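Report on the following structure.
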Amino acid sequence: MPTTKTERVEIRQSDDVVRVRQQTRTLAVEVGLSLVDQTKIVTASSELARNTLDYGGGGEVVLEILDQAGRRGLRLTFEDRGAGIPDIEQALKDGFTTGKGMGLGLGGAKRLCNEFSIASKPGEGTKVIIARWK
Amino acid sequence: MDRIPILKFGNALLVTIQVDMHDRLATTLEEDLTSKIVAHSARGVLIDISALEIVDSFIGRMLDNIAAVSRILDADTVVVGMRPAVAITLVELGLSLAGVKTALNVERGMALIEGRLSESEADDADDED
Ligand SMILES: Nc1ncnc2c1ncn2[C@@H]1O[C@H](COP(=O)(O)OP(=O)(O)O)[C@@H](O)[C@H]1O
Ligand SMILES: [Mg+2]
């Protein structure tokens, strides 16, 4: 799939979560997403960036503007080399948390985007991909 | 360290969130508000979030916590000025903010708090009969 722009933001501390939100917003505007869709993907990116920081021990996100036969979209790939998720189905359930959260981040991010995929291996890390199309 | 200012507004406290809050700032706000409610015997807390472009589960939990603690301290929390796109997104995220009252703007939020106050004064008057 043709990618017309790629950016990368490191996620090492809590200020970086703010930076991820801002960068997601900028690209969502560039893609031409509606205000509601911008808000949805920025909210999802905030949830996933915080997971990368809190549970993944830090990592990065790659933000890409996609163009599929004239249809534009924004794809975000969050990756860390943290502890991984032993049971993904359980982690996706609303209300499930191993921390102090509300357990809405993964399930919420899935609902807020058009595409969602997650791959994780205990001891190796976690990769979550979301996309929102115009 | 930066802090979000808390203003006294009649019987209530008013917090206007103007920045994209990082997590530490949110935690500090929770603590500051709790001590100010006690210090000023505030009966209400108005949190103006009209400048916030998103509310994620972290901020949502902060709002819920503030509302829960205020309630124990006999103060009502009203979140005012939520943008429509934020409200739509919150529902899909799965955040109900069940314990938080909302109002369109600061004036209506204040009216809610004053409404509760005059009701409880009326109750007190009834009790005396
Ligand atoms: N990047 C990650 N690395 C390891 N575990 C994760 C990661 N992201 C999520 N998890 C696990 O999935 C759970 C659910 O995540 P989430 O839905 O965002 O809720 P919360 O952040 O409130 O715990 C987390 O509590 C954690 O155990
Ligand atoms: Mg989370």
Side-chain angles (χ1 to χ4, degrees), chain A residues 11-29 33-55 58 78 91-97 99-114 116 130 132, chain B residues 1-4 16-32 34 47-69 77 79-100 102 104:
Chain A
I11 304 166
R12 299 278 163 222
Q13 50 186 24
S14 120
D15 290 3
D16 294 334
V17 177
V18 176
R19 211 159 295 130
V20 171
R21 288 202 285 263
Q22 288 165 349
Q23 199 57 251
T24 305
R25 171 76 64 180
T26 304
L27 294 192
V29 169
L33 295 184
S34 71
L35 180 60
V36 170
D37 286 352
Q38 288 171 32
T39 308
K40 287 180 180 178
I41 194 162
V42 174
T43 304
S45 81
S46 184
E47 296 292 343
L48 297 176
R50 188 168 291 105
N51 283 354
T52 300
L53 183 66
D54 290 349
Y55 304 114
F78 292 83
L92 275 165
K93 283 215 177 83
D94 282 354
F96 177 83
T97 180
K100 284 178 284 177
M102 300 188 88
L104 292 174
L106 286 177
K110 186 175 181 183
R111 285 188 291 274
L112 290 169
C113 294
N114 302 122
F116 176 93
I130 55 172
R132 184 93 219 175
Chain B
M1 195 168 83
D2 22 315
R3 285 195 135 80
I4 297 175
T16 305
I17 297 174
Q18 273 157 335
V19 290
D20 191 350
M21 272 198 291
H22 57 75
D23 298 0
R24 257 173 299 118
L25 199 56
T27 311
T28 310
L29 174 63
E30 233 178 285
E31 290 163 3
D32 285 354
T34 309
I47 305 178
D48 184 353
I49 62 163
S50 55
L52 279 191
E53 293 185 339
I54 68 144
V55 171
D56 62 7
S57 65
F58 186 87
I59 300 294
R61 192 184 51 160
M62 176 198 81
L63 296 173
D64 258 343
N65 284 351
I66 289 173
V69 173
T77 299
V79 169
V80 302
M82 186 185 294
R83 297 183 184 192
V86 171
I88 291 168
T89 301
L90 270 186
V91 171
E92 223 159 309
L93 182 62
L95 257 178
S96 61
L97 292 185
V100 180
T102 54
L104 275 183

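So that the names make sense, note that chain A is the first sequence line, chain B the second, and so on, each numbered from 1. This is a predicted model, so every value here is computed, not measured.
When heavy atoms are compared at a cutoff of 4.5 Å, V17(A) does not approach chain B at all. Only the side chain of R50(A) comes within contact range of chain B, with at least one heavy atom under 4.5 Å from a heavy atom of that chain. Neither the backbone nor the side chain of K110(A) comes within less than 4.5 Å of any heavy atom of chain B. At a 4.5 Å heavy-atom cutoff, the contact between Q22(A) and chain B is made by side-chain atoms alone.
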Would you please test I88(B) and T39(A) for side chain to side chain contact (heavy atoms under 4.5 Å, CB included) and show each step?
-> CA-CA 9 Å; I88(B) 291 168; T39(A) 308; over 6 Å; no
When you look at R21(A) and E53(B), which way does the side chain to side chain contact (heavy atoms under 4.5 Å, CB included) test go after all the steps?
-> CA-CA 10 Å; R21(A) 288 202 285 263; E53(B) 293 185 339; over 6 Å; no
Pair S57(B)-E47(A), side chain to side chain donor-acceptor pair (under 3.5 Å): steps then yes or no = CA-CA 7 Å; S57(B) 65; E47(A) 296 292 343; 2.8 Å; yes
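Atom CG of residue L104(A) and atom CZ of residue F58(B) lie 14.0 Å apart, to the nearest 0.5 angstrom.
Evaluated for a side chain to side chain contact (heavy atoms under 4.5 Å, CB included) with T89(B), the options R111(A), Q38(A), K40(A) yield exactly one hit, K40(A). Evaluated for a side chain to side chain contact (heavy atoms under 4.5 Å, CB included) with T43(A), the options I54(B), L95(B), I59(B) yield exactly one hit, I54(B).
Of all the listed residues (V36(A), D94(A), D37(A)), the one sharing the greatest number of non-hydrogen pairs under 4.5 Å with chain B is V36(A). Of the residues considered (V55(B), L25(B), D56(B)), D56(B) shows the highest number of contacts with chain A, using heavy-atom pairs under 4.5 Å.
Using a 4.5 Å heavy-atom threshold, the side chains of D15(A) and R24(B) count as touching. D64(B) is listed as a side-chain neighbour of M102(A), based on a closest heavy-atom distance under 4.5 Å.
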